[in-house]
Amino acid sequence: MDERKRLEELRLLLNEHSHLYYVLDDPQISDGEYDRLFQELLEIEEDHPDWISPDSPSQRVGGVALDKFDQVEHRLPMLSLENAFDDQDLHAFEDRLLRFLLTDKAPAYMTEPKLDGLAVELVYENGLLIQGSTRGDGIIGEDITAQLRTVPSIPLRLRKRDIPRLEVRGEVFMDRGGLDKLNRQRAKDGEPLFANPRNAAAGSLRQLDPKITAQRPLRFFVYGIAEAADTKCANQQEMFKLLADLGLPVNSLTRYCPDMSTVIARFAELSSLRHDLAYEIDGMVVKVNDFSLQIRLGAKSRAPRWAIAYKFPAIQATTKILKVDFQVGRTGAITPVAILAPVDVGGVMVSRATLHNGDEILRKDLRTGDTVLIQRAGDVIPEIVKAVVDKRNGSEKAIVFPQLCPVCSHPLVKPEGEAVTRCPNPHCPAQRLASLVHFCSKAGLDIEGLGKKSVEQLFNLKLIRDLPDIFQLKKEDLATLEGWGDKSADNALTGIDAAKTPGLSRFLAALGIRYVGEVTAALLERSFHSLEKLFELKIVDLLEIEGLGEQAAKSIVDYFSDASVREMMEKLHEAGVRPLVMEEEEGDLLLSGEVFLFTGSLKKMSRTEAKKLVKDNGGQIASGITKKLTCLVVGEKPGSKLQKAQEKGKKVLTEDEFLLLLNR
Ligand code: IVH
């Protein structure tokens, strides 16, 4: 037979058998036979490298290691889910639906297990997998195409090619067996163990080298399509059938429930079933079945109105307090942390739990050596419920709160009426380090390349001692450090450069002033419009601001009247740091009151830039062709949105007209 034909045949055969094995869990040939076919394919491809196609089974691990992930903007935001914890919450969910739909006819639902892994989006064009990404913040995720290609149950090609573009969403996870095996290996290699399947999945997908991802036993289940209206399906059931026909792995525990009482019965069933499943689930997702209702219901900012996650109740376990560590936080707060004998709490290894503060220790009467009941509910950090007093044998020791800071030995203070004990020494290395970490973190200026580990490293090497030092870093300081290279040094320096012009409120929140989070920082920016003004403020000026309390006012005045803060700001200024102030009130801006949406590919700017232009000019961004939408901007090859917008009589602009509108 002609080699070329044989290659195509092998490709089809292997893809078919891997679908049978990984997706349908129904292998039809032995592993040995599969390996033989695979070997044959590799040999032909080796002789004819130009015949290799991206959907060849040999191309799952073709990618090279990256030095960072690119960003991917999701065409439609990847939302999260609201939670229900009891039947009452479910009824309340249904009541909200009915009120929103102005009807008393309850809808039918589909229920699915809630998998404990990582949400990803896969984009198929004409049947070919062209992009895979993480959820990220819902709008912008990371491009992990090469990593996702290594997951055997993710098809590289769909079984039908007649869909120009399909954006599917689902969960990548690791089953219990896979996680156990991986953790056993990691223990042998002296590497830290993954605490739960979600961490394991995330840790494996966020490997810059896809060859490492390929060695991790990852699985995938699809649970949806970015936009229901993109398919001809009428409901969830039809969509699942379509997805399965396309060769995507759908979860077999998905059930149609004609009403809420069936949903509740199904939850009980899943609860008793869950421990026998090969993978961990943390609840059941309930979705309105009908797509036309889903579309009418739409979404709030973070979650759709038509779905809810019914979570399994907290799981408890008992273990022992081995000792208590005292950690020093960014504001000097001392947090006692119980170090526990590691224990499995519903599949998650727990070895630490925060004790919050000294009062909490007294209130719960906890002692070192105590047997304690701990619990974990959903995603939250495990907590100690109580000591099991019956198990005491007299060897338990009182937990003594230190008098001196465990890091700098400065005497600690506990203000009257407050629960928190603090180290008041602003020069305490632990506080300085924690402030630096916060300043660079996502909650701060989000400086790329300066994550917690790097900041710790630079701090320990005394390369950065305070905030201004960050902006003095040179390439030669970084490139030669352990774990760094030319590329990572350049990357960090680009990140640092970009951080020189943050918005004022972002900058203020990054400083880590006590009681000044994102919201208060925004209030300060809006009220005073400049950093300089903040140095002249008195408490009374601040108290005039609605939404800003006395504690925050005092903390702000204290902070800005400190001579060392002034000195630090001067150094930051010298280093080129210029917090920017958003100009003007909303009502006066060019696009105030306008709600924009972009479709098709833009030629003169990226989507992100376009959206930023809208927002900077006082406009808003719509999530789709919604009622609120006032204007659609079309780039090249616009999709179905253009027609929909025209039908609804919305204003439509080309990219050039949009720029003209903004005088650009
Ligand atoms: S639907 C628009 N279905 O749960 C609906 N999510 O808390 C968005 N998840 O980020 C999600 N299993 O990672 C959906 N069957 C399922 C799911 C599921 C797990 C995760 C997903 C999502 C998170 C929301």
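Indexing begins at 1, ligand by ligand and atom by atom, following the structure's order. Note that this is a predicted model, so its numbers are computed, not measured.
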Report the nearest protein non-hydrogen atom to [atom]: residue, atom name, distance rounded to 0.1 Å.
atom                    : answer
atom 23 (C) of ligand 1 : Lys114 NZ, 4.0 Å
atom 5 (C) of ligand 1  : Leu81 CD2, 3.7 Å
atom 12 (N) of ligand 1 : Leu115 N, 3.1 Å

May I have all residue pairs that pass side chain to side chain donor-acceptor pair (under 3.5 Å) and include part of residues 97-108, sequence neighbours excluded?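 Matches after skipping sequence neighbours: none remain.
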Among Phe173, Phe221, Tyr223, which one has a heavy atom closest to atom 6 (N) of ligand 1? Tyr223
For ligand 1, is any non-hydrogen atom under 4.0 Å from [X]'s backbone (N, CA, C, O), its side chain (CB onward), both, or neither?
X      : result
Arg169 : neither
Glu112 : side chain
Ala299 : neither
Val285 : side chain

Please find the pair of heavy atoms, one from Val72 and one from Glu142, that lie closest to each other, and give the distance.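 Nearest heavy atoms, Val72 then Glu142: CG2-C, 4.2 Å.
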Tell me the closest heavy-atom pair linking Phe291 and Thr231, and the distance in Å. CE1-OG1, 4.1 Å
Please say whether Glu171 places an N or O atom under 3.5 Å from an N or O atom belonging to ligand 1. yes
Would Pro304 count as being in polar contact with ligand 1, using the rule that some N or O on each side must be under 3.5 angstrom apart?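 No - when backbone and side-chain N and O of Pro304 are compared with those of ligand 1, no distance drops under 3.5 Å.
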To the nearest 0.5 Å, how far apart are OG1 in Thr213 and CZ in Arg60?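 CZ of Arg60 is found 13.0 Å from OG1 of Thr213.
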Side-chain contact test, heavy atoms from C-beta onward, threshold under 4.5 Å: evaluate it for Pro249 versus His19 and give yes or no.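 They are not in side-chain contact.
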What are the atoms of ligand 1, with element, lying closer than 4.0 Å to any heavy atom of Leu79? 8 (C)
Which of the numbered atoms in ligand 1 are below 4.0 angstrom from a heavy atom of Lys287? 1 (S), 3 (N), 14 (C)
Donor-acceptor pair, side chain of His74 and main chain of Gly138, under 3.5 angstrom: no
So is Ala307 close enough to ligand 1, meaning a heavy atom under 4.0 angstrom away?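 The answer is no: ligand 1 sits nowhere under 4.0 Å from a heavy atom of Ala307.
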When you measure from the heavy atoms of Pro113 to every atom of ligand 1, does any distance fall below 4.0 Å? yes
Near Arg161 CZ, under 6.0 Å, is it more than 12 heavy atoms from other residues, nucleotides or ligands?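 Check fails, neighbour count at 12 or below.
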What do you reckon, is OH of Tyr256 surrounded by more than 12 foreign heavy atoms closer than 6.0 Å?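 More than 12 within 6.0 Å, yes.
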Once the angle between the rings of Tyr310 and Phe267 is folded into 0 to 90°, is it parallel (under 30°), tilted (30 to 60°) or perpendicular (over 60°)? parallel
